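Fair warning: this is a prediction, and the values are worked out from it, not measured in the lab.
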Amino acid sequence: RGYGRALQTGFEAASGAILVMADADDTYDLTELPIFLAALGQGADFVIGNRNAGMARGAMPFLHYWIGNPLLSWLVRKFSGTHCGDAYCGYRLFKRTLYEKIAPQQNGMEFALALLVAATRSGARILEVPITYSRRLGESKLRTFQDGSRSLRFLLLVTPKALFILPGVVLTILGLGIFIPLTFGPIYIGTLALVIHPIFLAALAIIVGTELIHLGVQMKIFAVREGIDIAEPVFSKFVQWFSLE
């Protein structure tokens, strides 16, 4: 059960060198597949559709069109490095060798994001092509807030550097820059003496900063072990020498 699990089952059963995914609800026009094949012929490893220009009126719910999809696509671009304008588009074509290399394991709707993020971080060449998008036939199984929150949690999990480690480093350095000078005595700005309150705030910044770094490292280790993220050379060396304990 689940969107991601269904796609994984299909990919495992397929035998071709090229894999294609598309929702079977009449929203995607499968006769547009030559557009994807043409992009593959231009050297792409991963081709994804963009529904924004060719979307039929009423094809996507109001909240999804104006808030959910633009926000998630922006977050994916911001934190994963991809350039795609429609990160949640479910019409895609990619090489089997690439899929076997990244092989995301998410069972829910976040599988689509995991596939794109993993392909981006693997160094694959990704191209986006404009497609049409029609009103679906049948009942939608998409749960707006539950599936949206799962996708958001996934993005938070794969971006520990931007969300936790870098802010933690900045806070720690800032705190030390204030704390260390104050240990030698008050700092005067005109007639104003900086003593108790600044050193208290500096100590707080150091504590919060180091905790953010620690949390970010734990998230990174978890994501790598679960196959959600990849380990950079520097991080691999770090894990060899230091454990969470």
Run the salt-bridge test on D45 and R125 with the 4.0 Å N-O cut-off and return the result as yes or no.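 Looking at D45 and R125, the cut-off is not met.
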Remaining members of V234's ILVMFWY cluster at a side-chain heavy-atom cut-off under 4.5 Å?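 Besides V234, the cluster holds no residue at all.
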Could you identify which residues cluster with F200, counting Ile, Leu, Val, Met, Phe, Trp and Tyr as linked when any side-chain heavy atoms lie under 4.5 Å apart, either directly or through a chain of such contacts?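 When side chains under 4.5 Å apart are linked, the cluster holding F200 also contains L201.
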Which donor-acceptor pairs under 3.5 Å do the side chains of residues 46-61 make with protein atoms, sequence neighbours left out?
residue: N50; atom: OD1; partner: N52; partner atom: N; Å: 3.0
residue: N50; atom: OD1; partner: N52; partner atom: ND2; Å: 3.2
residue: N50; atom: ND2; partner: E128; partner atom: OE2; Å: 2.9
residue: R51; atom: NE; partner: D86; partner atom: OD2; Å: 2.7
residue: R51; atom: NH2; partner: N69; partner atom: OD1; Å: 3.4
residue: R51; atom: NH2; partner: D86; partner atom: OD1; Å: 2.9

If I take atom CD1 from residue I199 and atom CG from residue L204, how far apart are they, to the nearest 0.5 angstrom?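 With rounding to 0.5 Å, CD1 (I199) is 13.0 Å from CG (L204).
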Using salt bridge (Lys or Arg N to Asp or Glu O under 4.0 Å) as the criterion, list what pairs up with [X], not counting sequence neighbours.
| X | answer |
| --- | --- |
| D29 | none |
| K161 | none |
| R135 | none |

Checking L137 now: which residues fulfil side chain to side chain contact (heavy atoms under 4.5 Å, CB included) with it, not counting sequence neighbours?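 Applying side chain to side chain contact (heavy atoms under 4.5 Å, CB included) to L137 gives D26.
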For L75, enumerate each residue passing the side chain to side chain contact (heavy atoms under 4.5 Å, CB included) test, keeping only those at least two apart in sequence or located in another chain.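 Side chain to side chain contact (heavy atoms under 4.5 Å, CB included) check on L75 returns L71, F79, L152, L155.
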Tell me which donor-acceptor pairs under 3.5 Å the side chains of residues 170-180 have, and how far apart each pair is, sequence neighbours excluded?
residue: T172; atom: OG1; partner: G168; partner atom: O; Å: 2.7
residue: T172; atom: OG1; partner: T210; partner atom: N; Å: 3.4

Check whether any side-chain heavy atom of L113 sits under 4.5 Å from a side-chain heavy atom of Q106, and report yes or no.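 Sidechains of Q106 and L113: no contact.
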Please tell me whether I126 and W74 are part of a single hydrophobic cluster in this structure, the criterion being side-chain heavy atoms less than 4.5 Å apart.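 In one cluster: yes.
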By the ring pair (Phe, Tyr, Trp, His ring centres under 6.0 Å) test, which pairs, at least two apart or in different chains, include something from residues 8-31?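 Sorted pair list: F11-F94, F11-Y99, Y28-Y91, Y28-Y133.
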Can you name the side-chain hydrogen bond (donor to acceptor under 3.5 Å, both in side chains) partners of E211, sequence neighbours left out?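 Applying side-chain hydrogen bond (donor to acceptor under 3.5 Å, both in side chains) to E211 gives none.
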Could you check whether any side-chain N or O of D23 sits under 3.5 Å from a backbone N or O of D25, counting only pairs where one atom can act as donor and the other as acceptor?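 Between the backbone of D25 and the side chain of D23 there is no qualifying donor-acceptor contact (under 3.5 Å).
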Can you give the donor-acceptor pairs under 3.5 Å from side chains of residues 12-21 to other protein atoms, not counting sequence neighbours?
residue: E12; atom: OE2; partner: R5; partner atom: NH2; Å: 3.2

